[in-house]
> 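Have a look at this one before I ask anything.
Proteins get letters first, then strands, A, B, ... in listed order; numbering begins at 1 in each. No hydrogens, no waters, no symmetry mates; every other heavy atom, side chains included, goes into these values.
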2 protein chains.
Amino acid sequence: MGKYNVKQEVTDKFSLRGRVFHKIREDILSGKYKDNEELKEVAIGDELGVSRTPVREAFRQLELEGLIHIIPNKGAYVTGITVKDVKDIYMMRSLLEGLCAKWATENITKEQLEEMEENVYLAEFHAAKGNTQQLAELDNRFHEIMYEACNSKMLEKQLRDFHDYVLRVRKKTLSQNQRSTASNKEHKFIFEAIKSGDPAKAEEEATKHVLSAYENIVKNGLHEAYGSDE
Amino acid sequence: MGKYNVKQEVTDKFSLRGRVFHKIREDILSGKYKDNEELKEVAIGDELGVSRTPVREAFRQLELEGLIHIIPNKGAYVTGITVKDVKDIYMMRSLLEGLCAKWATENITKEQLEEMEENVYLAEFHAAKGNTQQLAELDNRFHEIMYEACNSKMLEKQLRDFHDYVLRVRKKTLSQNQRSTASNKEHKFIFEAIKSGDPAKAEEEATKHVLSAYENIVKNGLHEAYGSDE
DNA sequence: CTACGTATAATTGTATACACTTATACGTAG
DNA sequence: CTACGTATAAGTGTATACAATTATACGTAG
């Protein structure tokens with residue numbers, strides 16, 4: 001990966017296909033399309049004012065993301081995302097973010113470490129002022145820095161995917177002030193472990209960080225946004 | 001997921017698009033297309049005797065799998081898979097297979113447990129006879145059973161993806177007899193932990209299992225199949 | 001000889017047309 | 001009334017046509 005290419009979006013948001021992809025994705029995650037609902041190429045194309053071609057290409061991508069499943073010659077059906085899915089992802093993430101923090105400790109550059117430090121202290125400031133928007137961005141960025149610092153293209157991609165997947169949930173939980181201050185504190189612990197060059201500690205703190213986000217989610221239900229499945 | 005739908009392939013192998021997808025994927029993983037090589041829609045279409053449409057759809061999927069990256073209005077470029085990528089995946093897998101074994105212990109059905117037991121003992125038999133083909137299939141199936149048993153759609157999909165990704169490597173390492181017998185023994189340990197209802201033990205054994213496969217790979221180089229990147 | 005700009009070619013993006021498969025409606029036999 | 005079969009409609013799969021963008025070649029000014 002690299003210095004340029006600041007944020008390589010897998011799907012360009014400006015092409016028709018990209019817009020269609022993001023729109024459908026959003027509509028599935030937001031619950032507009034219900035579980036098992038059939039998505040028809042022409043209907044969606046008409047709605048967005050495009051032909052079937054970009055819609056079909058978007059479908060192929062959504063299928064690989066697991067948001068829809070396509071039965072050949074039949075149709076595309078929404079797979080949706082349940083409460084259990086989100087929880088499972090958090091458990092998987094807790095392990096992989098741990099690994100990421102460990103590797104980041106061993107590979108982080110001076111610049112990345114500095115940005116991380118800045119991020120942590122800036123977040124403290126915005127938390128005090130109760131600015132949720134900035135906090136969400138800083139939180140995003142903190143994890144992004146770790147992903148970049150771990151020096152593993154595969155792990156980076158994986159965690160980005162997860163991160164994206166549960167983005168809606170994260171936005172919601174971070175808007176609760178108590179969680180965001182706790183989250184900041186945990187970021188600080190991770191940062192300090194990385195700075196002191198202690199991979200095992202960094203791993204432990206990052207794992208704990210995701211787990212406590214998970215606990216928070218479990219406590220607060222998240223029933224409205226997703227179908228309950230258990 | 002379910003009783004029916006024994007093996008839901010994400011991309012149907014019989015449609016043109018599916019065939020194109022698998023062909024290009026294979027060609028990238030086998031090294032036919034070099035790193036950063038540009039893939040042109042018409043060229044590939046002509047080679048496979050199809051039009052651009054299925055090729056384009058296959059490209060979109062390959063992009064999401066991370067095997068190629070597409071620059072809008074420019075082209076599709078091979079991302080390839082390096083030795084480090086494979087190693088990183090093994091590290092990630094070791095954690096997630098551990099989690100999978102833990103969850104499988106808590107959710108496995110009687111039938112799945114029976115099939116697993118049968119699998120382990122059958123593998124012992126074929127190992128003694130040195131039948132590598134059957135061994136590879138049994139190994140695949142052992143992990144498949146765990147994926148199904150863990151009762152997590154998300155984790156199942158993730159591990160299948162990883163599994164697929166490094167399939168070529170696994171085939172190769174399993175053809176070495178000493179590794180395959182060691183692998184069998186480890187499967188047996190995992191199975192016994194699951195059967196005895198000890199999630200922590202199952203997790204530990206599954207993690208160790210993937211790690212030892214990783215060690216084996218590191219020892220044996222795997223230089224020929226993939227570009228070295230470190 | 002180099003640098004720049006324009007014309008041309010090559011390639012991707014999107015829309016449309018046609019082929020093929022699957023679903024639906026309706027009529028008829030029993 | 002039900003079961004079956006055929007005709008029709010709807011929808012996906014693929015190919016092709018056209019538009020937009022990017023790369024290349026070549027000529028000209030300096």
> Using whole Å, report how far CD of E41(A) lies from P of dT21(C).
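Checked: the CD to P distance equals 17 Å.
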> Let me confirm one number: the CG-NZ distance from N151(B) to K84(A), rounded to the nearest 0.5 Å.
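Output value for this atom pair is 5.0 Å.
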> Let's test this: given Watson-Crick or G-U wobble pairing with both distances under 3.5 Å, identify the partner of dG30(C).
dC1(D)
> With heavy atoms under 4.0 Å as the rule, sort L39(A) into base, sugar-phosphate or nothing.
sugar-phosphate
> So, the side chain of S30(B) versus the backbone of E26(B): is there a donor-acceptor pair under 3.5 Å, distance only?
yes
> With the side chain of K40(A) defined as its heavy atoms from C-beta on, choose the nearest nucleotide among dT14(D), dT14(C), dG11(D).
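Nucleotide nearest to K40(A)'s side chain: dG11(D).
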> CG of L16(B) versus C1' of dT12(D): gap in Å, rounded?
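These atoms are roughly 13 Å apart.
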> For nucleotides 6-8 of chain C, list the nitrogen or oxygen atoms of the protein found under 3.5 Å from its nitrogen or oxygen atoms, one pair per line.
none

> To the nearest Å, how far apart are I71(B) CD1 and dT11(C) P?
16 Å
> Has R56(A) got its NZ or CZ under 6.0 Å from the middle of the six-membered ring of F59(A), at an angle within 45 degrees of the ring axis?
no
> Identify which one of H209(A), H163(A), E148(A) satisfies the side chain to side chain donor-acceptor pair (under 3.5 Å) criterion when paired with H143(A).
H209(A)
> To the nearest Å, how far apart are N73(B) CG and dT12(C) P?
10 Å
> Under 3.5 Å for both donor-acceptor distances, Watson-Crick or wobble: does dG11(D) have a partner, and if so which one?
dC20(C)
> Please determine, by modelled atom types, if Q61(B) and E57(B) share a side-chain donor-acceptor pair under 3.5 angstrom.
no
> Measuring from the side chain of K74(B) (C-beta onward, heavy atoms only), which nucleotide among dA23(D), dG11(D), dT12(C) has the closest atom?
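My answer, after comparing the listed nucleotides, is dA23(D).
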> Can a salt bridge be assigned to the pair K23(A) and D27(A) using a cut-off of 4.0 Å between side-chain N and carboxylate O?
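A salt bridge links K23(A) with D27(A).
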> Does K102(B) pair with E106(B) as a salt bridge, N-O distance under 4.0 Å?
no
> Counting the atoms with a prime plus P, OP1 and OP2 as sugar-phosphate, which does R19(B) contact under 4.0 Å by heavy atoms, base, sugar-phosphate, or nothing?
nothing
> Is it the case that E97(B) and Y147(B) place a side-chain donor and acceptor less than 3.5 Å from each other?
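A donor-acceptor contact under 3.5 Å links the two side chains.
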> Restricting to ring pair (Phe, Tyr, Trp, His ring centres under 6.0 Å), what partner residues turn up for F142(A), sequence neighbours left out?
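Counting only residues at least two positions away or on another chain, F142(A) forms a ring pair (Phe, Tyr, Trp, His ring centres under 6.0 Å) with H187(A).
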> Where along residues 44-53 of chain A does a heavy atom fall under 4.0 Å from DNA chain C?
V50(A), S51(A), R52(A), T53(A)
> Is there a salt bridge (Lys or Arg N to Asp or Glu O under 4.0 Å) between R141(A) and E115(A) once you walk through the steps?
CA-CA 9 Å; R141(A) 187 59 197 150; E115(A) 193 190 344; 2.7 Å; yes
> What is the distance, rounded to the nearest whole Å, between atom CD of E38(A) and atom C1' of dT12(D)?
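It works out to 10 Å between those atoms.
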> Would you kindly give the CZ-to-C1' distance between R56(A) and dG13(C), to the nearest whole Å?
16 Å
> Of the listed nucleotides (dG13(D), dT12(C), dA15(C)), which one gets closest to any side-chain atom of P54(A)?
dA15(C)
> I need the CD-P distance between E57(A) and dT14(D), as an integer number of Å.
13 Å
> If you compare every side-chain N and O of R17(A) against the phosphate oxygens of dA15(C) (OP1, OP2), does one of them come in below 4.0 Å?
no
